[in-house]
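Working notes for the structure below.
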Protein chains: 2
Amino acid sequence: MELPIRISKDSREPIYHQIVNQFKALIAGGHLSAGTPLPSIRVLSKDLEISIITTRRAYQDLEVQGFIKTSQGKGTFVADISEDLKQEVKVTSVYNILENAVDTALSYDYSLEQVKTIFLEILKSKEKGDI
Amino acid sequence: MELPIRISKDSREPIYHQIVNQFKALIAGGHLSAGTPLPSIRVLSKDLEISIITTRRAYQDLEVQGFIKTSQGKGTFVADISEDLKQEVKVTSVYNILENAVDTALSYDYSLEQVKTIFLEILKSKEKGDI
DNA sequence: TATACTGTATATATCTATATGCACAGTATA
DNA sequence: TATACTGTGCATATAGATATATACAGTATA
């Protein structure tokens, strides 16, 4: 399975963190169902051209947070998490990042009305680019 | 002058970076006009309970980016930047962070319609909390 | 001129992310 | 059983970001 994991090595965000966030989005968003095998740490490390340790760090974090299960010798698999938890992760993640964006806009002295205008513009451009 | 600079020492974002961003917002947003003296690095360091070096790093970055002017012995002052540049900084900063938030929502498998609903909810709560 | 402010420079410390190598251990399967 | 996959553990190295202390230098002004 070809996973859409893409990392940026220049980003201020740590690589393991980028991996964690992307898997969280894929799992909570319903693109990866319980039991689906993840790539082995060696394979993912090779694909992303990063060290095994970095991949392992990401998988450990994901396991601690309950999104995946690893078993030695077998591999790593998407955990069986409740629909409720998925929803909670989705809602809080998205709500927080959107709220933060709005707060930033306000700190730049934009009015709520102006923020709304810019936001709707962005949505419009996404609709076009989507197809 | 009492500046509304607030930092979080737990944040993943570097302290000097938080300071830079907040001053940029204050200057580009029009809350600080050209010539206004900034607090000396020692005063701001004491207020924020951080080292002088960190404050200096922030001021150096702000000077490189053209937002402030420092002169040894005299102090640090808001630079005289054009209205156009201010506008550009405002627009790009806010547009980018909003777009990034929308992209994150999409990665969680939200539809554009759902993102809009959440966004409007946030705006509503901001209106109330504003007064 | 004395002093009390400004910013400047340097050497060092600490933390985090990342990388490397190697040995170990569990599992599947030809 | 042999082999080739899985994940685990550990010790160490390196680079970069971040923070600190301390001493130095310019400026304003009583």
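In the text below, chain A, chain B and the rest are named by the order of the sequence lines, each starting its count at 1.
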Spacing of B:Arg56 atom CZ relative to D:dA23 atom P, expressed in whole Å: 18 Å
Trace of the salt bridge (Lys or Arg N to Asp or Glu O under 4.0 Å) decision for A:Lys69 with A:Asp80: CA-CA 9 Å; A:Lys69 286 279 184 189; A:Asp80 188 7; over 6 Å; no
Sugar-phosphate only, base, or nothing, as touched by B:Tyr16 at under 4.0 Å among non-hydrogen atoms: sugar-phosphate
Distance-only donor-acceptor check, side chains A:Ser51 and A:Thr54, under 3.5 Å: yes
Verdict with supporting geometry, A:Lys126 and B:Asp103, salt bridge (Lys or Arg N to Asp or Glu O under 4.0 Å): CA-CA 9 Å; A:Lys126 295 289 171 191; B:Asp103 286 340; 2.7 Å; yes
A:Lys116 atom NZ: more than 12 heavy-atom contacts under 6.0 Å: no
All salt bridge (charged side-chain N to carboxylate O under 4.0 Å, His left out) counterparts of B:Arg56, not counting sequence neighbours: none
Touch class at under 4.0 angstrom, heavy-atom based, for A:Arg42 against every strand present: base
B:Phe119: ring pair (Phe, Tyr, Trp, His ring centres under 6.0 Å) partners, not counting sequence neighbours: A:Phe119
Sugar-phosphate only, base, or nothing, as touched by A:Ile15 at under 4.0 Å among non-hydrogen atoms: sugar-phosphate
Expected output: side-chain A:Ser11 to main-chain A:Ile7 donor-acceptor under 3.5 Å: no
Euclidean distance, A:Leu62 CG relative to A:Leu38 CG, rounded to 0.5 Å: 7.5 Å
Structure string for DNA chain C in dot-bracket form, Watson-Crick and G-U at under 3.5 Å, | interchain: ||||||||||||||||||||||||||||||
Distance, nearest 0.5 Å, that separates CD of A:Gln87 from CG of A:Asp84: 8.0 Å
Point-to-point distance, once rounded to the nearest 0.5 Å, from CZ of B:Arg42 to OG1 of B:Thr55: 10.5 Å
Distance test, side-chain N/O of B:Ser51 to OP1/OP2 of D:dT20, below 4.0 Å: yes
Interface residues of residues 64-73 of chain A with DNA chain D (non-hydrogen, below 4.0 angstrom): A:Thr70, A:Ser71, A:Gln72, A:Gly73
Residue met sooner reading DNA chain D from 5', once B:Ile52 and A:Ile41 are mapped to nucleotides: A:Ile41
Set of residues satisfying side chain to side chain contact (heavy atoms under 4.5 Å, CB included) with respect to A:Gln72, sequence neighbours excluded: none
Residue met sooner reading DNA chain C from 5', once B:Tyr59 and A:Pro14 are mapped to nucleotides: B:Tyr59
5'-most by nearest nucleotide on DNA chain D - A:Gly75 or A:Ile53: A:Gly75
Chain B footprint on DNA chain C, 5' to 3' - any atom under 4.0 Å from a heavy atom: C:dT6 to C:dA17
